[in-house]
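Just so you know, residue 1 is the first one in the sequence shown, and it goes up from there.
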Amino acid sequence: MIKKILLLIVFVSSTAYAQTVYEIDTNYPVHEIDDFLRVYKDSTQRFTPKDILLDTSNVYIKGNELPPYALDNKLLWGKLELITRDSLKGWTLHFKDVFSGAPAWIKGNGKVDVYAYVNEQLIFHKKAGYGYSPKERDINENWVLNRIKLDDVPLNTKVDLIIKAEGSKFGYPPFFRLNLRGPSQPYYHEINEFNNSFFIFMFGVTFIILLYHMLQYLYLKDIIFLNFSIWVLFCCMTMLMSTGAILDSVHSIGFVFWMFFSNGIYFLFWFFGRSFIQSKTKFPILDKLIVG
């Protein structure tokens, strides 16, 4: 009887272990792992990585049950247990963004911190996201993708990954949608997909229009061409930001830079229209409304 009870305990323990620890089979280049992720909401923003690591409660949400965007949360924590029998050199952990074809500023989490523990001892802390400077991120190339390298994960050892995800400074909430990717499948979408190519094309078009009208202004000295050129300049900068080509270069003022150019388009068009219809002399009442 005692022997049966012991066998039952071993079976239950092994089953529980199998359900919570994800074993990475490197024969498969892509692993969707949200089923094994535990998500914790942090409305007080007071949790620490150790709090999540040592938590034994059942107050969490399974990663695959989390809404696409946690609109009421600025900060989420995740806990994931992994084990691998083979080297993970060249492997990466991705936070898959559904807005793969959108402008660069709406992609990714603001900040991602990944803490790896073995026997409650921290073995590495890696960062991703536009909220961190290029020097701080684990992978700086293609910064719009939230990802970290898994080269440092030890073999045949259970590793606890504690993940902190914060919403972006552009107003988008945090998300997980985790997957592991081997070197043969490094991206979950094409980097130079159609949408991004379209933004590059539009940048080229607006730049040519800008150059033409600036030359017109320099030759004719007509204020209409100057106002139009300034408006096209703002359009040009917005297209450039859409590709992700300049936001990282102005990281310290990225949000202000984006706000100034992408929203300035709407205001500057009024000033071009004002000079184009000569409202100051022809329609003085309408001109006051435009200026207002």
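- Residues Y60 and V39 have side chains not in contact (no heavy-atom distance under 4.5 Å, counting atoms from C-beta outward).
- The hydrophobic cluster containing L80 does not contain L122, counting ILVMFWY residues as joined when their side-chain heavy atoms lie under 4.5 angstrom apart, directly or transitively.
- Looking at L76 and L66, their side chains come closer than 4.5 Å, going by heavy atoms from C-beta outward.
- Ring geometry for W258 versus W105: interplanar angle of 30 to 60°, hence tilted.
- The closest side-chain heavy-atom distance from L82 to V153 is not below 4.5 Å.
- Side-chain contact between N142 and R147 is present, with at least one heavy-atom pair separated by less than 4.5 Å.
- N109 contributes no side-chain N or O that, together with a main-chain N or O of G129, makes up a donor-acceptor pair within less than 3.5 Å.
- Between the side chains of H94 and T92, at least one donor N or O lies within less than 3.5 Å of an accepting N or O.
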Would you check, one step at a time, whether the test ring-ring contact (aromatic ring centres under 6.0 Å, His included) holds for F234 with F260? CA-CA 9 Å; F234 275 59; F260 179 71; 5.2 Å; yes

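- The distance from the CD atom of Q278 to the CD1 atom of I223 is 12.0 Å, given to the nearest 0.5 Å.
- A donor-acceptor contact shorter than 3.5 Å is absent between the side chain of R38 and the backbone of K62.
- Ion pairing between E32 and K96 holds under the 4.0 Å rule for side-chain N and carboxylate O.
- With hydrogens and angles ignored, the 3.5 Å screen pairs a side-chain donor or acceptor of H251 with a backbone N or O of Y130.
- Partner of D287 under the side-chain hydrogen bond (donor to acceptor under 3.5 Å, both in side chains) criterion, chosen from K282, R274, K280: R274.
- Side-chain atoms of D51 do not come within 3.5 Å of backbone N or O of D55 as any donor-acceptor pair.
- Considering L37, L161, D160 as possible partners of E81, the one that fulfils the side chain to side chain contact (heavy atoms under 4.5 Å, CB included) test is D160.
- Counting heavy-atom neighbours within 6.0 Å of I285 CD1, excluding the residue itself, gives a total of 12 or less.
- Between D113 and K126 there is no salt bridge, since no side-chain N of the basic residue sits under 4.0 Å from a carboxylate O of the acidic one.
- At a threshold of 4.0 Å, the pair E23-R85 counts as salt-bridged, since one of the basic side-chain nitrogens sits closer than that to a carboxylate oxygen.
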Should M241 and F257 be marked as a side-chain contact (heavy atoms from CB on, under 4.5 Å) after you check the CA-CA gap, both sets of side-chain angles, and the distance that decides it? CA-CA 10 Å; M241 286 189 292; F257 190 87; 3.7 Å; yes

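- At least one donor-acceptor pair under 3.5 Å links the side chain of D151 to the backbone N or O of G90.
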I'd like to know whether K74 forms a side-chain contact (heavy atoms from CB on, under 4.5 Å) with Q45, so could you lay out the CA-CA distance, the side-chain angles of the two residues, the decisive distance to 0.1 Å, and finally the verdict. CA-CA 9 Å; K74 295 182 179 179; Q45 300 188 20; 4.2 Å; yes

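- A donor-acceptor contact shorter than 3.5 Å links the side chain of D138 to the backbone of K149.
- Of the possible polar contacts, one joining the E136 side chain to the S133 backbone as a donor-acceptor pair under 3.5 Å is found.
- Following chains of ILVMFWY side-chain contacts shorter than 4.5 Å, one cannot reach L53 starting from I83, and the two form parts of different hydrophobic clusters.
- No side-chain donor from either of T84 and D86 sits under 3.5 Å from a side-chain acceptor of the other.
- Here the side chain of D42 pairs a donor or acceptor atom with the backbone of F47 at under 3.5 angstrom.
- For N227 and S229, the side-chain atoms include no donor-acceptor pair closer than 3.5 Å.
- Not less than 6.0 angstrom separates the ring centroid of F203 from the ring centroid of F199.
- Residues I246 and M237 are in side-chain contact: their nearest non-hydrogen atoms beyond the backbone lie under 4.5 Å apart.
- Side-chain heavy atoms closer than 4.5 Å link hydrophobic residues (I, L, V, M, F, W, Y) into clusters, and following such links, possibly through other members, connects M239 to F228.
- The ring of F225 has its center no closer than 6.0 angstrom to the ring center of Y217.
- Between Y22 and F36, the ring-plane angle classifies as perpendicular under the 30° and 60° cut-offs.
- Side-chain atoms of Y28 and T26, non-hydrogen and from C-beta on, never get closer than 4.5 Å to each other.
- Judged by distance alone, the side chain of S249 and the main-chain N or O of L247 form no donor-acceptor pair under 3.5 Å.
- Contact check for L145 versus I139: no side-chain heavy atoms found under the 4.5 Å cut-off.
- Counting only distance, with no hydrogens or angles, the side chain of S279 and the backbone of F283 share no donor-acceptor pair below 3.5 Å.
- No more than 12 heavy atoms of other residues, nucleotides or ligands sit less than 6.0 Å from atom CG of N119.
- Both I106 and L240 are part of a single hydrophobic cluster, where members link through side-chain heavy atoms under 4.5 Å apart.
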Please report the C-alpha distance between W77 and L75 in whole Å, then the side-chain angles of each, then the deciding distance to 0.1 Å, and finally whether the side-chain contact (heavy atoms from CB on, under 4.5 Å) criterion is met. CA-CA 7 Å; W77 289 87; L75 175 62; 4.0 Å; yes

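- Among F272, F267, F271, Y266, the one residue that satisfies the ring-ring contact (aromatic ring centres under 6.0 Å, His included) test with F269 is F272.
- Counting only heavy atoms from C-beta outward, the side chains of D34 and R177 approach each other to under 4.5 Å.
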Please step through ring-ring contact (aromatic ring centres under 6.0 Å, His included) for the pair H31 and W91, ending with a clear verdict. CA-CA 11 Å; H31 299 255; W91 283 70; 5.6 Å; yes

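- Annotation: cation-pi geometry not satisfied between R137 and Y132 (NZ/CZ under 6.0 angstrom from ring centroid, within 45° of ring axis).
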